[in-house]
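As the structure is a prediction and not an experimental result, all values here were calculated from the model. The sequence lines fix the lettering, A, B, ..., with proteins before strands; numbering per chain opens at 1.
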Number of protein chains: 2
Amino acid sequence: MVKEANTPIYKTLISDLKKQIDDGHYKKGDLLPSENELCKTYNTTRPTVRQALSELIRLGYIVRHHGKGSIVSEPKSGLGILSIKGSTAGVGKKNLRTQILAKTQKTTWPADFPYELSAIQSEAGCLYLARLRHVNGLPTLYEETYITDIDLPRFTMHNLEKHSLFETLNKYHKVEIKEGEQKIWAVSADKNLAELLAVKTGKPILHMKRSMQTNRPHLTIYSFLYCNTEEYFIQDYF
Amino acid sequence: MVKEANTPIYKTLISDLKKQIDDGHYKKGDLLPSENELCKTYNTTRPTVRQALSELIRLGYIVRHHGKGSIVSEPKSGLGILSIKGSTAGVGKKNLRTQILAKTQKTTWPADFPYELSAIQSEAGCLYLARLRHVNGLPTLYEETYITDIDLPRFTMHNLEKHSLFETLNKYHKVEIKEGEQKIWAVSADKNLAELLAVKTGKPILHMKRSMQTNRPHLTIYSFLYCNTEEYFIQDYF
DNA sequence: AAAGCAAACTTGTATATACAAGAAAAAATT
DNA sequence: AATTTTTTCTTGTATATACAAGTTTGCTTT
């Protein structure tokens, strides 16, 4: 990446420290250099250093302790990942089959898309896919996913039947979920849903609309899902 | 509320502005007073004002626009906080009434408690309360809460009708949610639920079981809730 | 050796100031 | 009247400094 001359000092500091933490130069529990040391290194003053550290706190990279210093903390992993669980235990890979109803394809955003899109996002278009997850042979979760199509070359060729979407995004494109928001409803299965999930019309179905920000600017993942929670349930961490 | 003399200026500013936004003095889309105006009002300097505004951004209360000002936006509450939203906008404090069905009381953990408890937690016992939230007069969310009873003196006396549980825990006991886990179902309203939430038996109801770790060791908050999502929905951030 | 104390760190809060850059309003020009 | 320019107001970035307060270290005293 070409660094612009006008990049603010505090932003340089943020990316430098982030990189060093990601690369393992500073590990979990390590103490970062003190604010005054960072001032010397970057030839700047404490308010500027603190501005950078505040951002790292927000991102979950560090915690600060009064009188002690900045301690590297675990970057939250698994954030935003939903898993299907049974009443006794988790659902293993053997019992889970993913059926692709619509292969990953480049399209334009739907006209009635329920989230506001930035100009850049609209311009970029999106990748769309629809999947149906079967647990022990039972269709349980229907999910439609929209991903901003920014800098994801050849993403459509990945086989998302065997590997999870988030795994693939992370492994091949270094995309990480930073934060997200979800809206949750309990709805009645209409005719379409009843057919998809093989339940009777009127059955309670869990419905979620989710938007997830990533470490890549403008790359947002949107997910709309319906889940039959009769036998299993949805679990997530925050 | 008794204000301590040593409260930092920026914290006063945060709570003042938060209050004015919550109370509707500043509405969504409104422009907050400029940083310089706030400096005059609070007899302080821009860095201090900006420290407060940064926190309000983090909390989702405002967005700042270079050259324009600070614009009030919909507050996204903190980690683990669930909020009830309507299809058009958030549910304001005016429209939300909290009815206490079981006052905060010290008890032992239920025998059939669905989460594993550590020895220390079992020993400590728990505080229990049950609440029913009405939105625009409609009973919408029934919630049972269990809190490990560790170092929370006189917690039972707080009035949780007017103030949120998390606010109270944070304000008076400096308890913060660090991380959590939630399980989600869509269930059918049984007779009991139907009566509580004033719906017909069989209506789809959102059910969640949540456990939340705090910054205090062993202090875990458990919440079991049922929500009628016909008119409103549940929203959370991660 | 152990306890208590002081010094030397650390981050937390705050003042005062300066200039850059984006946005909007006012003034000047066409 | 419409357009352009200027001014003014806004937030963004940064320096320099000061003292408060929590934590650790090492010294001093017992």
Side-chain angles (χ1 to χ4, degrees), chain A residues 3-18 20-21 26 28-73 118-120 217, chain B residues 3-18 20-21 26 29-73 170-171 174 176 215-217:
Chain A
K3 192 151 285 178
E4 293 167 44
N6 292 350
T7 303
I9 299 173
Y10 83 97
K11 285 191 179 170
T12 310
L13 241 166
I14 290 171
S15 59
D16 280 14
L17 290 172
K18 249 166 61 173
Q20 288 182 85
I21 293 173
Y26 297 115
K28 187 193 171 184
D30 284 1
L31 228 59
L32 241 48
S34 78
E35 297 177 359
N36 281 318
E37 285 180 275
L38 289 172
C39 287
K40 280 179 203 159
T41 310
Y42 285 84
N43 197 34
T44 183
T45 54
R46 272 189 70 210
T48 303
V49 168
R50 285 180 66 80
Q51 190 175 357
L53 293 180
S54 299
E55 177 70 6
L56 291 180
I57 290 173
R58 204 184 65 77
L59 294 171
Y61 273 80
I62 59 168
V63 289
R64 268 194 297 210
H65 280 291
H66 192 175
K68 255 180 121 177
S70 299
I71 296 164
V72 176
S73 65
S118 69
I120 296 172
Chain B
K3 191 152 284 181
E4 294 168 44
N6 291 350
T7 303
I9 299 173
Y10 83 96
K11 285 191 179 170
T12 311
L13 241 166
I14 291 171
S15 60
D16 280 13
L17 290 172
K18 248 165 63 173
Q20 288 183 86
I21 293 173
Y26 297 114
D30 284 0
L31 228 59
L32 242 49
S34 78
E35 297 177 358
N36 281 318
E37 284 179 275
L38 289 172
C39 287
K40 281 179 202 158
T41 310
Y42 285 84
N43 197 33
T44 182
T45 54
R46 272 190 69 210
T48 303
V49 168
R50 285 180 67 80
Q51 190 175 357
L53 294 181
S54 298
E55 178 70 7
L56 290 180
I57 290 174
R58 205 183 63 76
L59 295 171
Y61 272 80
I62 59 168
V63 287
R64 269 193 297 211
H65 280 291
H66 191 176
K68 252 180 124 176
S70 299
I71 297 163
V72 175
S73 64
N170 183 259
K171 202 166 188 176
K174 296 213 163 44
E176 279 172 43
N215 54 339
R216 297 255 201 106

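Listed pair Thr44(B) / dT15(C) meets the phosphate criterion, a side-chain N or O lying under 4.0 Å from OP1 or OP2. Note on Thr45(A): every side-chain N or O is 4.0 Å or more away from OP1 and OP2 of dT17(D). Here Tyr10(A) does not reach the OP1 or OP2 of dA14(D): none of its side-chain N or O atoms lies under 4.0 Å away.
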> What do the steps show when you test Asp16(A) against Leu13(A) for side chain to side chain contact (heavy atoms under 4.5 Å, CB included), and what is the final call?
Replying inline: CA-CA 5 Å; Asp16(A) 280 14; Leu13(A) 241 166; 5.7 Å; no
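Remark: C1' of dA25(C) and CG of Leu31(B) are 14 Å apart, rounded to the nearest angstrom. Following rounding to the nearest Å, Glu55(A) (CD) and dT13(D) (C1') show an atom-to-atom distance of 15 Å. Atom-to-atom, CD1 of Ile71(B) to C1' of dT11(D) comes out at 11 Å; the value is rounded to the nearest Å. The nearest whole Å value for the distance from the CD1 atom in Ile14(B) to the C1' atom in dG12(C) is 13 Å.
Of the possible donor and acceptor atoms, one in the side chain of Thr12(A) sits under 3.5 Å from a partner among the backbone N and O of Pro8(A). Here the side chain of Ser73(A) pairs a donor or acceptor atom with the backbone of Gly60(A) at under 3.5 angstrom.
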Polar atoms only, N or O, under 3.5 Å: list the protein pairs with nucleotides 8-11 of chain C and their distances.
from    : atom 1 : to       : atom 2 : distance (Å)
dT10(C) : OP1    : Ser34(A) : OG     : 3.0
dT11(C) : OP2    : Glu35(A) : N      : 3.0
dT11(C) : O4'    : Gly67(A) : N      : 3.4
dT11(C) : O2     : His66(A) : NE2    : 3.0

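Comparing the start and finish of the helix from dA1(C)-dT30(D) to dT30(C)-dA1(D), five pairs each, the helix axis swings through 10°, to the nearest 10 degrees.
A salt bridge does not link Lys40(A) to Glu37(A): none of the charged nitrogens lies less than 4.0 Å from a carboxylate oxygen.
A 4.5 Å side-chain heavy-atom check between Leu31(B) and Ile71(B) finds at least one atom pair inside the cut-off. Between Arg50(A) and Arg64(A), some side-chain heavy-atom pair lies under the 4.5 Å cut-off. For the pair Ile21(A) and Ile62(A), the minimum side-chain heavy-atom distance is below 4.5 Å.
Not counting sequence neighbours, Lys11(A) has no partner by the side chain to side chain donor-acceptor pair (under 3.5 Å) test.
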